[in-house]
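Data block below; observations after.
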Amino acid sequence: MSASPSEPLLSVRELHTTFPIRSALLRRVTGHIQAVAGVSFDLRPGETLGLVGESGSGKSTLARTVIGLEKAASGTVTFDGRELTSASPAELRAARRDIQMIFQDPYSSLNPRRTAGQIVAEAWEIHPDVVSRSRWRDEVSDLLARVGLDPSHADRYPHQFSGGQRQRLGIARALALKPKIVICDEAVSALDVSIQAQVLNLLADLQADLGLTYLFIAHDLSVVRHVADRVAVMYLGRVVEVADQEEIFQRPTHPYTQALLSAVPVPRPWDQPQRESIIIGGDVPSPADPPSGCRFRTRCWKAQDVCAQVEPALEIRLGLHPSACHFAELLSAAPGNSPEGSLTPGG
Amino acid sequence: MTDTPLLSVRDLAVRFRTGAGQVRAVDGVSFDVRRGETLAVLGESGSGKSVTAQAIMGILPRPAGEVVAGSIVYDGRDLLAEDPNRVRKLRGDEIAMVFQDPLSSLNPVFRVGWQIGEMFRRHRGASRRDARAAAVELMERVGIPAARRRVDDFPHQFSGGMRQRIMIAMALALKPRLLIADEPTTALDVTVQAQIMRLLADLRREEGMALVLITHDLGVVADVADRALLMYAGRAVETGDIREVYDHAAHPYTRGLMASIPDLDAPRERLTPVRGAPPNLLDLPSGCSFHPRCPHATDRCSVDDPVLRPIDGRPEEHRSACHYAEEVLAGEREPV
C-alpha cells in the first residue's frame with residue numbers, strides 16, 4: 001500500500017508517558033518510569049507502520065497512550081486534524097471509534113460470559129449510530145464471515161474457540177465500528193506459527209478490502225518485515241531509527257537496529273554463510289533509570305564519551321533516513337545483503 | 001565415544017486423564033540421542049514435545065499423566081523399569097533440564113547462590129563454603145557479570161535473560177551428560193535469545209554433553225542442532241539431519257510449517273500456511289492425524305495410519321510418517 005501524499009491520518013509529536021514509582025510503605029512517589037520518552041511519528045492513510053522493540057521499549061505503552069488508555073504526560077496526538085490529548089470527552093469518544101486495537105492475548109481480552117455475537121455487537125451499544133439495532137444480527141454474521149469464522153457460531157462463548165479463532169474474534173470486534181486505524185499490539189505473537197500465518201494473511205486481506213491503516217506492534221522482525229510499509233525501531237522509550245521497510249532491513253545505520261536484525265533466527269542459516277551475527281551483551285536497562293545521553297550506549301560497541309553526554313537526535317543521517325546515533329553508519333556489507341563482513345563488536 | 005546412543009526412547013506413550021476424558025499426549029514416539037549431539041524437538045502446542053521431555057525426566061504431573069507404554073533407555077539402563085530411587089539420583093546427576101520460565105522455576109525467597117550451591121550440597125555433600133565458591137564459578141561460567149557480588153541477590157533482582165543463565169548454571173552444576181532445554185528462549189527478547197542460544201551451544205561443545213532442544217521455533221535451533229524431530233498430535237512425523245529435513249522436507253506438515261514462517265528475504269510475499277487448526281487430542285482424526293489439514297491427503301490417509309519410514313532417494317536416516325513422502329518431496333502431488 002503506497003502512502004498517499006496527503007495529510008497524515010495520525011500524527012504523534014514529542015509524546016511522553018510516565019508512570020510514578022511509589023514507595024511500598026507510604027505510597028509516596030519516589031521516582032518516575034519514562035515508558036515513552038519523546039516519540040514522534042506520522043501514520044499515513046492506508047499504510048502499515050511497524051513498531052518494533054524488545055520488552056521495556058515502550059511500544060505497547062505508546063499504543064495505549066495513542067488510543068487514550070494511558071494519559072500522556074506531554075506531547076500531542078493528532079487524528080484527522082483533531083488534537084486528542086486536549087480533546088473534550090465527546091470528541092475523544094468519536095475519535096476512539098475510528099482507532100481500534102487488537103491485543104496479544106485474545107483470551108484475556110474477550111469477556112468469557114458473552115457470546116461471540118454479543119462481543120462483536122457490544123461497541124454498537126456505545127456507538128448506536130454505526131449499526132441500527134435491527135441490523136445487528138446480519139452485521140455480526142457479516143463480520144464473523146469476513147474474519148473467517150462460521151457465522152453460525154455467534155452463540156458460542158470464547159472458550160469454545162481455539163486460540164487462532166479467538167484472535168479472529170478479536171479482529172471482528174475491532175472492525176465492528178468501521179475504524180480507520182487498527183492498532184495491532186503483538187496481535188500474532190501468542191499464536192502457533194501455522195495459525196500466525198493465517199492471521200497475517202487475514203490482516204493483509206482486510207487492509208486491501210477496507211483500506212485500513214495499521215500500526216503494527218511486534219517484537220518479531222520477520223513478522224514486521226512481512227507486513228510493514230515503514231518500520232520504527234524503539235529502544236527504552238525512544239525511536240532510534242525509522243525508514244521504509246526495505247531501507248531499514250537492507251541499510252540499517254543504528255547499531256541497535258543492526259544487532260536486532262542480526263539476532264533474528266533464520267530457518268536456513270546455511271543458505272547465508274556470509275551472515276555474521278552481532279550479539280550484543282547485557283539486557284535493556286531499567287526505564288526508571290535510563291543511561292544518560294544515548295540510551296543504547298551501555299550495550300553499544302561503538303560508544304564514545306560523547307554518547308554519555310549528548311543524546312543523539314533522530315535525524316536523517318548519511319543522506320538515508322532518520323537514525324539516532326552519533327556514529328550512524330552502514331554495515332560494511334554490500335547493499336542488498338544481510339549483515340555480514342568485517343564487523344566484530346566488542347564487549 | 002561408542003555407537004550406542006546415550007538416550008534411546010522406544011514406542012513411548014503417555015496418557016493424560018482430563019475432565020473431559022483420556023488423551024494420548026504422546027503416542028508411540030521413538031528416537032535416539034547420541035553422545036554429544038544436539039537434537040531439536042519441534043512442534044506446535046499440543047504436539048507432545050514437552051510431555052516427552054517430562055516423561056524422560058520423570059516429572060509428569062501426577063496423577064493425571066502416566067507412561068502407559070514404551071521404554072526410555074539411558075546409557076543402557078531402562079529408566080521406567082529400574083528402582084525409582086536410583087533412577088531419581090541418575091536423573092539428578094546425569095540428566096538435567098532447563099525450563100521456559102526461569103522465574104517460576106527459581107525459589108523467590110532464597111538467594112541465587114544458595115540455590116545453585118544446593119546442587120553441590122545435596123548431591124555432592126559439599127560444605128556451605130565450597131558450595132558457594134562453586135556457585136560463583138558457575139555463575140561466571142554462564143556469563144553473569146559481577147558474579148561474586150551478585151551471588152547473594154534474589155531471583156527478582158535479575159533480568160529474564162540473567163535468570164535463564166542462573167537456571168542453566170544449576171542444570172550444569174553436576175556436569176550432566178544430557179541436558180534437556182524446553183523452550184529455553186521463548187520468554188526472552190530477540191537479542192537475549194541470541195545470547196542464550198550461543199551460550200548453550202558453547203557449553204555443549206565444551207562439556208561434550210548431549211543437548212535436546214525443545215521449541216516451536218524452527219529458526220532458533222537451526223544454527224545449533226545436528227538433527228531434528230518434528231512432532232504433531234503426539235506423534236513423530238519427520239526426523240533426520242536438520243539440514244536434510246529443512247531443505248528436503250518430506251512430510252506435508254513440515255513443509256507447511258516452513259511455509260508459515262515469514263521470510264526475511266522475501267517480504268510481503270503471501271504466506272501459505274497449513275490450513276485449519278491442530279486437532280483436539282480428545283477427538284483425533286482417524287488414520288493420519290494430519291489428514292484433515294493436508295493438501296496431499298487421499299482416502300487412504302483417513303484409514304491407514306502412516307509410520308516413520310525411510311524415503312526413497314534420501315539418506316537412510318531421514319524418515320517421514322507420510323504415505324506420500326516421495327511425492328511430497330518431489331512436489332509431484334500438487335496441493336489440492
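Lettering follows sequence order; numbering is per chain, from 1.
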The test is side chain to side chain contact (heavy atoms under 4.5 Å, CB included); show your working for A/Val239 and A/Val233 and say whether it passes.
CA-CA 6 Å; A/Val239 173; A/Val233 180; 6.0 Å; no

Among residues 192-201 of chain B, which ones touch chain A with a heavy-atom distance under 4.5 Å?
B/Val192, B/Gln193, B/Ala194, B/Gln195, B/Arg198

Under a 4.5 Å cut-off applied to non-hydrogen side-chain atoms, are A/Tyr214 and A/Leu203 in contact?
yes

Evaluate the side-chain proximity of B/Val328 to B/Cys322: yes if any heavy-atom separation is below 4.5 Å, no if none is.
yes

Write down the atom of A/Phe249, the atom of A/Val231, and the distance for their closest heavy-atom approach.
CE1-CG2, 4.1 Å

Looking only at side chains, do [X] and [Y] share a donor and an acceptor under 3.5 Å apart?
{"X": "A/Arg238", "Y": "A/Ser57", "result": "no"}
{"X": "B/Glu238", "Y": "B/Thr254", "result": "yes"}
{"X": "A/Ser194", "Y": "A/Asp192", "result": "no"}

Under a 4.5 Å heavy-atom cutoff, which of B/Ser159, B/Gly161, B/Gly160 has the most pairs with chain A?
B/Ser159

Pick from B/Asp247, B/Asn280, B/Ile261, B/Leu257 with the largest number of heavy-atom pairs that fall under 4.5 Å of chain A:
B/Asp247

Can you say whether [X] sits under 4.5 Å from chain B via the side chain, the backbone, both, or neither, judging by heavy atoms?
{"X": "A/Val264", "result": "both"}
{"X": "A/Leu200", "result": "side chain"}
{"X": "A/Val223", "result": "both"}
{"X": "A/Gln196", "result": "side chain"}

Picking from [options], which has the most non-hydrogen pairs under 4.5 angstrom with chain B?
{"options": "A/Gly56, A/Ala263, A/Gly53", "result": "A/Ala263"}
{"options": "A/Ser222, A/Ala228, A/Ala259", "result": "A/Ser222"}
{"options": "A/Val224, A/Leu260, A/Val227", "result": "A/Val227"}
{"options": "A/Val266, A/Val193, A/Asn201", "result": "A/Asn201"}

Looking at B/Arg148, I'd like to know if its CZ atom is crowded, meaning that more than 12 non-hydrogen atoms belonging to other residues, nucleotides or ligands lie closer than 6.0 Å.
no

For the CZ atom on A/Arg146, are there more than 12 heavy atoms of other groups (residues, nucleotides or ligands in this structure) within a distance under 6.0 Å?
no

Among A/Gln160, A/Gln165, A/Arg166, find the one that has a side-chain contact (heavy atoms from CB on, under 4.5 Å) with A/Ser162.
A/Gln165

Any ion pair linking B/Arg150 and B/Glu140 (charged N to carboxylate O, less than 4.0 Å)?
no

